[in-house]
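Chain naming here is simple, since letters A, B, ... match the order of the sequence lines and numbering starts at 1 in each. Being a predicted model, the structure only gives us computed values, none of them experimental.
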Amino acid sequence: MKIAISSSGSTLEDTIDLRFGRAAMFIIYDLDHENFTSVDNEQNLNAAQGAGIQAAQHVVNSGCQALITGHTGPKAFKVLEAAKIPVYLASGGSVREAIAAFRNGSLKAISEADVEGHWV
Amino acid sequence: MRIAVASGKGGTGKTTIAVSLALSAPGNVQLLDCDVEEPNAGIFLAQRDTSESPITVPVPVIDETKCVACGECASFCEFNAIVHIGTTVMVFPELCHSCGGCALVCPSKAIHEEPSAIGMLTTSEVPRYGLPPLDFYQGLLTIGKAMSPPVIRAVKDRAIKDHAVKDSADCFTIIDAPPGTSCPMGTAVTGADYVILVTEPTPFGLHDLDLAVKTVRKMGIPFGVIINRSDSGDDRVVDYCARESIRILMQIPEDRRVARGYSEGKPLVMSAPEYRKKFTALAELLVGEHQ
């Protein structure tokens, strides 16, 4: 099973990026093989609108079955929900810590967006 | 002739100037409140015969019985308004810019457009002492909607249409533009024969005036400046205009009567009647130069 984590950088020691749509990068972590790839999110960082929607689309396309991020707005959540990808919120720390927390079950999946939508 | 009143910085007195000009200009006059996110010219006008009509934009609707979930529409959409996940296509109409491209690229003709209400156009008539009544148009963007340019265009289209019906070649149209220098301001100012930039003699006033000047210069529209509350700051705007060879059309010093009148919803030319002649002269000057 693969999971996506919004990250400020391309390694597991980088802090998670609390933003979802405009996160700097995504770490795609394979829990079974314990390896990962990093995906640049620059295109969405600079999108005029709909960054969360596009980021959600990328997470869906990456084949991940869960997402760990800081906050998720209503539109991104709607896309992830339609794709049946649960969203887990982390409040900070490194990507490695977030993965560990996900593994030991201390991250909770949210049932609705935790922040309001915005335009830019 | 079409005149847009714009500013760059908000709160400099665009509406004060636009309303005063509209109440003082001779002949047939239209006033368009195109600051559709917070229109306020109507507060200063004694309106009658008010009528409202909704403003809509076309947005895509997908017929799921025809959709084969190929994703062509989603990959075409520049605005992330359509998402394609597996066998599902989701539309976010609030992000749609109504280009119609999704319907064109759909190979199974599963997309058609339906009108979606985004605002309200209000028209009314305002009596003017000794002059023909003023035709007033106001656009109002619905709360929660983000795109004001289509609302601004609807207001302008309606005024142009009415103008054509009346066939009054001498009609003087005044557009009260939204602040800033982005799409809403550009949409309001487009097609104007002249722009009046209203500013105040403060660092913010000058900074945003400079942005507005650069914008209207790029648009190739002649313009002049009105300095409102002209004795409240310093000489920086006057110096800037001299340096840039920009004409200062009028300077309006602080006046307690004007401030008091404003708080009571009275236009400048009513609380300080000596300005009426100045605004009439300004209208005549601009029309004279235009012809």
Side-chain angles (χ1 to χ4, degrees), chain A residues 1-4 6 19-24 26 28 39-67 69 71-87 109 111-113 115-120, chain B residues 10 36-38 57 59-62 64 67 69-99 101-102 105 116 118-119 141-152 178-187:
Chain A
M1 168 182 176
K2 286 194 290 182
I3 60 171
S6 59
R19 302 166 303 175
F20 173 59
R22 293 184 196 275
F26 285 96
I28 309 297
V39 185
D40 198 282
N41 193 40
E42 195 180 345
Q43 198 189 336
N44 284 332
L45 260 174
N46 297 321
Q49 59 173 37
I53 293 172
Q54 270 307 311
Q57 173 106 60
H58 289 325
V59 169
V60 173
N61 293 349
S62 71
C64 288
Q65 287 169 275
L67 166 70
T69 188
H71 300 286
T72 309
K75 295 191 204 71
F77 190 80
K78 202 170 154 185
V79 174
L80 294 162
E81 194 178 31
K84 300 188 170 57
I85 295 175
V87 180
S111 56
E112 58 182 27
V115 288
E116 288 192 12
H118 48 86
W119 294 101
V120 260
Chain B
V36 303
E37 289 174 64
E38 42 188 347
V57 290
V59 296
V61 174
I62 296 173
E64 285 176 17
C67 177
C70 65
E72 287 287 330
C73 53
S75 63
F76 180 85
C77 184
E78 275 292 301
F79 303 105
N80 298 331
I82 306 182
V83 182
H84 168 229
I85 310 153
T87 57
T88 314
V89 176
M90 297 168 82
V91 178
F92 292 89
E94 61 271 41
L95 298 183
C96 175
H97 284 225
S98 303
C99 74
C102 53
V105 299
S116 166
I118 57 160
L141 182 69
T142 302
I143 291 172
K145 300 289 178 186
M147 263 172 282
S148 60
V151 177
I152 295 168
T181 48
S182 58
C183 293
M185 180 269 197
T187 306

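Between B:L95 and A:K75, the closest side-chain pair of non-hydrogen atoms falls below 4.5 Å.
Residue contact with chain B, scored on non-hydrogen atoms closer than 4.5 Å, involves the backbone of A:A51 exclusively. Only the side chain of A:V60 comes within contact range of chain B, with heavy atoms under 4.5 Å apart. Residue B:F92 touches chain A through its side chain alone, counting heavy-atom pairs closer than 4.5 Å.
Panel note: side chain A:Q49, backbone B:N80; no donor-acceptor pair is recorded below 3.5 Å.
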